[in-house]
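Taking it in order: structure first as structure tokens, then the write-up.
As a basis for the values below, the full set of heavy atoms in this structure was taken, side chains included, without hydrogen atoms, waters or symmetry mates. Computed from a predicted model, the values in this text were never measured in an experiment.
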Amino acid sequence: MSITIKVLSGGGFVEKVVTSQTIGSLRTELDMPAGSSLAVNAVDQDDSYEIQDGDIIASVSSNKTGGQ
């Protein structure tokens, strides 16, 4: 079964069709960093969250720094 989601990429959201059923398996499928936090529809979720068709997912790594 495939699910269509939107994933934050390069400053915008990109539509992707995935086969993962949970956030944990999505990390592997999309090669997301294990230490990153994932928000689904603007709410932080853990790896057991079951992905729904149309979910909007953003990954944030805690080791990011801004500015120069």
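- Scanning for side chain to side chain contact (heavy atoms under 4.5 Å, CB included) contacts around T4 gives E15, V17, D53, with sequence neighbours left out.
- Every side chain to side chain contact (heavy atoms under 4.5 Å, CB included) that L8 has, sequence neighbours left out, goes to F13, A58.
- With a 4.5 Å cut-off between side-chain heavy atoms of Ile, Leu, Val, Met, Phe, Trp and Tyr, the cluster of I23 takes in M1, I3, I5, V7, V18, L26, L30, M32, L38, V40, Y49, I51, I57.
- Qualifying side chain to side chain contact (heavy atoms under 4.5 Å, CB included) partners for V43, counting only residues two or more places apart in sequence or in other chains: Q45.
- Applying the salt bridge (Lys or Arg N to Asp or Glu O under 4.0 Å) rule to pairs touching residues 28-45 yields nothing, sequence neighbours excluded.
- In this structure, CD on E50 lies 7.5 Å from CD on Q21, to the nearest 0.5 angstrom.
- For the 3.5 Å distance criterion, the side chains of S2 and T19 fail to qualify, holding no donor opposite an acceptor.
- Looking at residues two or more places apart in sequence or on another chain, you find a salt bridge (Lys or Arg N to Asp or Glu O under 4.0 Å) between D47 and R27.
- Residues T22 and S25 bring a donor and an acceptor atom of their side chains to less than 3.5 Å of each other.
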